[in-house]
Visitor: 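This structure is in structure tokens; I'll ask about it shortly.
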Amino acid sequence: MKRVLLLVSLLMLVLLAACSSSKNAWGSFTAEKTGSFDQKFYALQNTDGSNVVITVYEKGSDTEVCSFSPARSSDFWGICWEKDTYNIWIQSGDIGVLCYRYTNGQWMLDESAVKPAYIKSKYDK
């Protein structure tokens, strides 16, 4: 009987571990506070009613550096940073995946940017 209980317990642990390691439903993107590759900046996401607002802060001083509104909040699925630049990618249900390129201390939409292969959208496998 002890062996059966031990086996059942072991199987439950394996099942629990498998469920907890499931892939993020948003791919590389998050709606949480997230930092740049070198942790110089971090970004927070809020809404101003119907639109999402991304605000970037300098990490050491918590000083606001830039703020932009890339999409409607009802369609927004998060952001991610490139792994070697300060470029921020956004993911939205209505406009897709777009890059906000870091130039001269500002993040500006760059519709011609090519998404790096390591950044996975909600629909990438």
Side-chain angles (χ1 to χ4, degrees):
M1 184 65 170
K2 286 183 180 180
R3 287 185 181 183
V4 171
L5 286 174
L6 181 62
L7 181 59
V8 169
S9 297
L10 183 59
L11 288 173
M12 289 179 69
L13 284 172
V14 169
L15 180 61
L16 181 61
C19 290
S20 68
S21 66
S22 65
K23 186 180 177 186
N24 180 352
W26 287 3
S28 301
F29 297 81
T30 183
E32 305 296 321
K33 175 180 176 180
T34 182
S36 62
F37 72 98
D38 61 357
Q39 301 304 309
K40 179 177 179 178
F41 300 109
Y42 65 90
L44 295 174
Q45 303 159 60
N46 292 298
T47 61
D48 68 357
S50 61
N51 294 314
V52 70
V53 177
I54 308 298
T55 306
V56 180
Y57 298 89
E58 193 170 35
K59 181 154 184 169
S61 65
D62 295 325
T63 302
E64 182 178 324
V65 177
C66 182
S67 183
F68 58 94
S69 183
R72 295 183 313 192
S73 57
S74 60
D75 298 312
F76 194 67
W77 294 331
I79 69 170
C80 71
W81 296 84
E82 286 188 12
K83 67 180 180 180
D84 56 356
T85 74
Y86 297 126
N87 296 341
I88 295 175
W89 288 82
I90 65 108
Q91 178 174 221
S92 177
D94 62 341
I95 59 176
V97 177
L98 294 173
C99 177
Y100 279 76
R101 185 168 305 284
Y102 179 74
T103 306
N104 299 322
Q106 297 290 311
W107 280 263
M108 304 298 289
L109 178 61
D110 180 356
E111 295 183 71
S112 66
V114 177
K115 180 176 68 72
Y118 60 84
I119 293 178
K120 303 297 181 191
S121 81
K122 178 177 177 168
Y123 299 107
D124 290 338
K125 296 190 183 208

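Values in this document were obtained by computation on a predicted structure and should not be read as measured data.
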Visitor: Report yes if the side chains of R72 and S50 come closer than 4.5 Å at any heavy-atom pair, otherwise no.
Guide: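 SC-SC contact between R72 and S50 ruled out.
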Visitor: Checking K122 against F29: charged group under 6.0 Å from the ring centre and within 45 degrees of the axis?
Guide: no
Visitor: Taking only residues two or more places apart in sequence, or in another chain, which ones meet W107 in a ring-ring contact (aromatic ring centres under 6.0 Å, His included)?
Guide: F41, Y102
Visitor: Treating S28 as the side-chain partner and K120 as the backbone partner, does any N or O pair qualify as donor plus acceptor under 3.5 Å?
Guide: yes
Visitor: Would the distance check show the side chain of S92 and the main-chain N or O of G96 forming a donor-acceptor pair, the cut-off being under 3.5 Å?
Guide: no
Visitor: Under 3.5 Å, side chain of Q45 to main-chain N/O of F76, donor-acceptor pair present?
Guide: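 Flag not set: sc Q45 to bb F76 has no pair under 3.5 Å.
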Visitor: Determine, stepwise, if the pair T63 / Y57 fulfils side chain to side chain contact (heavy atoms under 4.5 Å, CB included).
Guide: CA-CA 5 Å; T63 302; Y57 298 89; over 6 Å; no
Visitor: Here's a test for you: under side chain to side chain contact (heavy atoms under 4.5 Å, CB included), which of I119, D38, N87, V56 qualifies with W81?
Guide: V56
Visitor: Would you say that V53 contacts S67 through its side chain, given a criterion of any heavy-atom pair below 4.5 Å between the two side chains?
Guide: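 Side-chain contact under 4.5 Å: yes.
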Visitor: Is any side-chain heavy atom of R101 closer than 4.5 Å to one of Y86?
Guide: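 They are not in contact (no side-chain heavy atoms under 4.5 Å apart), so the answer is no.
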Visitor: Taking C-beta and beyond as the side chain, do S69 and N51 meet within less than 4.5 Å on heavy atoms?
Guide: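 Yes, at least one pair of side-chain atoms sits under 4.5 Å.
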Visitor: Is the side chain of T47 donor-acceptor paired with the backbone N or O of V52 at a distance under 3.5 Å, no angle test?
Guide: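 No, because the side chain of T47 does not come within donor-acceptor range (under 3.5 Å) of the backbone of V52.
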Visitor: Are I90 and M108 connected in the hydrophobic side-chain network, where two residues link if heavy atoms are under 4.5 Å apart?
Guide: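 No, I90 and M108 fall in different hydrophobic clusters.
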Visitor: Where is the tightest heavy-atom contact between C99 and A113, given as atom of each residue plus distance?
Guide: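 In this case the closest contact between C99 and A113 is CB-CB, 3.5 Å.
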Visitor: Y42 ring centre to K59 NZ or CZ under 6.0 Å, with the angle to the axis within 45°?
Guide: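 Geometry flag: not set, cation outside 6.0 Å or 45°.
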Visitor: Answer yes or no: is there a side-chain heavy-atom contact under 4.5 Å between Y100 and W89?
Guide: no
Visitor: Under 3.5 Å, side chain of Y118 to main-chain N/O of K83, donor-acceptor pair present?
Guide: yes
Visitor: Distance check, rounded to the nearest 0.5 Å: I88 atom CD1 versus S36 atom OG?
Guide: 8.5 Å
Visitor: Taking the side chain as every heavy atom from C-beta outward, state whether L98 and L109 have any pair of such atoms under 4.5 Å apart.
Guide: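 In short, these two side chains touch, coming nearer than 4.5 Å.
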Visitor: Do other residues, nucleotides or ligands put more than 12 heavy atoms under 6.0 Å from E111 CD?
Guide: no
Visitor: Could you check whether D124 pairs with K115 (Lys NZ or Arg NE/NH1/NH2 to Asp/Glu carboxylate O, under 4.0 Å)?
Guide: yes
Visitor: Do I54 and I79 come within less than 4.5 Å of each other through their side chains, counting heavy atoms only?
Guide: yes
